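The structure presented is a predicted model; accordingly, all values stated were derived computationally and were not measured.
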Amino acid sequence: MYEKTFPNKRFRITLEFLQKHLATSQTILDLGVTNPFSTIMKNEGYLVDNTSGEDLDEDQTALNKKDFDAVTAFEIFEHLLNPYTILKEIKSDKLFISIPMRLWFSPAYRSKTDMRDRHYHEFEDWQLDWLLEKTGWKIIDRQKWTNPVKKIGIRPLLRKFTNRYYLVYAEKVKK
């Protein structure tokens, strides 16, 4: 039997937010390869199809595979050079995005071993809101939360009070 235990706070909050706005009978295109959270969505009864790991900056054909009720983009937009193009190409009327927010006291994440695991964008909330508005999306709901770490120091202390994640549910504006 599947138990509702999650490796971190982010998964719990994201799932609760998704359940608030999307029925399990609706289909989801999750941007990115199968991952721990897409597995959680499937275990919760959602019908999830993932993209195949293609470079979405270069190739958006995965967005046209078939009709989906919603698109999810959890922790992926910060890795893209051009999220504007992706947002314009999405055919679904519902969109869920989460991002790690830019922290004034910490530089953008950059893996030293994996060239693909780097953050090109770390948005402030207003920047993501503006990007969504400019690409034809209306924000219906949003949520922010902190991500404290169990370490000692100034940055860990600041993480207790500074929002780190931003989650948005948006719907396509009808023309």
Side-chain angles (χ1 to χ4, degrees), residues 1-101 114 116-117 119-121 123 125 128-129 131-145 147 163-175:
M1 181 176 173
Y2 176 70
E3 296 180 30
K4 288 190 179 189
T5 57
F6 303 112
N8 59 46
K9 176 180 176 180
R10 177 171 53 98
F11 288 171
R12 178 183 51 78
I13 290 171
T14 304
L15 180 61
E16 290 169 358
F17 190 84
L18 186 65
Q19 290 171 328
K20 178 179 172 183
H21 297 289
L22 195 67
T24 55
S25 61
Q26 294 182 292
T27 57
I28 296 173
L29 174 62
D30 184 38
L31 302 185
V33 297
T34 300
N35 58 73
F37 192 72
S38 61
T39 301
I40 289 171
M41 289 189 293
K42 289 174 187 174
N43 289 338
E44 289 294 317
Y46 286 100
L47 306 168
V48 180
D49 201 5
N50 286 83
T51 55
S52 304
E54 61 275 24
D55 183 345
L56 293 172
D57 280 318
E58 296 288 334
D59 179 9
Q60 295 89 38
T61 56
L63 301 175
N64 299 317
K65 284 196 303 191
K66 63 179 185 176
D67 292 329
F68 291 92
D69 296 306
V71 169
T72 56
F74 300 127
E75 314 287 319
I76 190 169
F77 273 44
E78 65 274 13
H79 300 280
L80 297 171
L81 297 176
N82 189 5
Y84 180 93
T85 301
I86 306 301
L87 289 167
K88 291 294 275 186
E89 289 296 320
I90 292 173
K91 304 299 183 241
S92 171
D93 290 333
K94 297 178 181 182
L95 174 65
F96 295 85
I97 296 177
S98 67
I99 56 164
M101 291 176 51
D114 185 349
R116 295 169 297 165
D117 189 19
H119 290 183
Y120 185 77
H121 297 284
F123 298 93
D125 55 354
L128 183 62
D129 292 354
L131 178 61
L132 288 166
E133 178 186 328
K134 192 167 173 98
T135 55
W137 296 92
K138 179 183 179 190
I139 295 174
I140 306 300
D141 195 6
R142 60 183 64 134
Q143 186 172 348
K144 295 181 212 173
W145 67 94
N147 188 41
N163 285 321
R164 174 61 171 153
Y165 292 101
Y166 185 44
L167 179 60
V168 172
Y169 165 53
E171 293 181 355
K172 191 170 278 189
V173 175
K174 303 292 184 203
K175 292 181 183 181

### Task
Quick one: closest heavy-atom pair of Leu15 and Tyr46, and the distance?
CD1-CE1, 4.4 Å
### Message
Could you check whether atom NZ of Lys88 has more than 12 heavy atoms from other residues, nucleotides or ligands sitting under 6.0 Å from it?
### Response
yes
### Task
Check whether any side-chain heavy atom of Val71 lies under 4.5 Å from a side-chain heavy atom of Leu31, and answer yes or no.
yes
### Query
Under 3.5 Å, is there a donor-acceptor pair between the side chain of Asp59 and the main chain of Glu54?
no
### Query
What's the spacing between Trp137 CH2 and Glu171 CD if we round to 0.5 Å?
9.0 Å
### Query
In terms of side-chain geometry, is the basic nitrogen of Glu16 or Lys20 positioned less than 4.0 Å from the acidic oxygen of its partner?
no
### Gap separating the CD atom of Gln26 from the CG atom of Leu47, nearest 0.5 angstrom
9.5 Å
#### Entry: Steps toward side-chain contact (heavy atoms from CB on, under 4.5 Å) verdict (Phe96, Phe17)
CA-CA 9 Å; Phe96 295 85; Phe17 190 84; 4.1 Å; yes
### Summary
d(Asp125 CG, Leu167 CG) to nearest 0.5 Å is 12.5 Å
### Message
Test side-chain contact (heavy atoms from CB on, under 4.5 Å) on Thr27 and Asp49; report intermediate values, then the result.
### Response
CA-CA 8 Å; Thr27 57; Asp49 201 5; over 6 Å; no
### Message
What I'd like to find out is whether the side chain of Asn35 reaches to under 4.5 Å of the side chain of Ser38, using heavy atoms alone.
### Response
yes
### Query
Quick one: are Glu44 and Thr24 in side-chain contact, heavy atoms under 4.5 Å?
no
### Query
Taking atom CG of Asp67 as the centre, does the number of heavy atoms from other residues, nucleotides or ligands within less than 6.0 Å exceed 12?
no
### Task
Test Leu131 against Tyr84 for side-chain contact (heavy atoms from CB on, under 4.5 Å), laying out the working first.
CA-CA 7 Å; Leu131 178 61; Tyr84 180 93; 4.0 Å; yes
### Task
Taking all non-hydrogen atoms of both residues into account, name the closest pair between Lys42 and Val48 and its distance.
CE-O, 3.5 Å
### Query
At what distance, to the nearest 0.5 angstrom, does OG1 of Thr14 lie from CD1 of Ile40?
9.0 Å
### Query
Is there a side-chain contact between Ile76 and Ile86, using heavy atoms and a 4.5 Å cut-off?
no
### Task
Specify whether Phe37 and Phe74 have parallel, tilted or perpendicular ring planes, treating 30° as the upper limit for parallel and 60° as the lower limit for perpendicular.
perpendicular
#### Entry: For Ser92 against Ala70, the heavy-atom pair lying closest together
OG-CA, 3.1 Å
### Query
When you look at NZ of Lys138, are more than 12 heavy atoms from neighbouring residues, nucleotides or ligands closer to it than 6.0 Å?
no
### Message
Once rounded to the nearest 0.5 Å, what's the spacing between atom CD1 of Ile90 and atom OG1 of Thr85?
### Response
11.0 Å
### Task
List the atom of Asp57, the atom of Gln60, and the distance in Å for their closest heavy-atom pair.
O-NE2, 3.2 Å
### Message
Does Met41 form a side-chain contact (heavy atoms from CB on, under 4.5 Å) with Thr72? I'd like the steps, not just the answer.
### Response
CA-CA 11 Å; Met41 289 189 293; Thr72 56; 4.1 Å; yes
### Message
For a 4.5 angstrom cut-off between non-hydrogen side-chain atoms, does Asn50 reach Val33?
### Response
no
### Task
Can you measure from NZ (Lys144) to CD1 (Ile13) and round to the nearest 0.5 angstrom?
13.5 Å
### Exercise: identify the closest heavy-atom pair between Ile99 and Phe123
CD1-CB, 3.5 Å
### Query
Does the side chain of Pro100 come within less than 4.5 Å of Tyr165's, by heavy atoms?
yes
### Message
Side chains of Leu95 and Leu87, heavy atoms from C-beta outward: is any pair under 4.5 Å?
### Response
yes
### Message
Looking at every non-hydrogen atom in both residues, tell me the closest pair between Lys94 and Asp69 and how far apart they are.
### Response
CB-O, 3.5 Å
### Message
Is there a side-chain contact between Asp129 and Ile139 in this structure, where contact means two heavy atoms from C-beta onward sitting under 4.5 Å apart?
### Response
yes
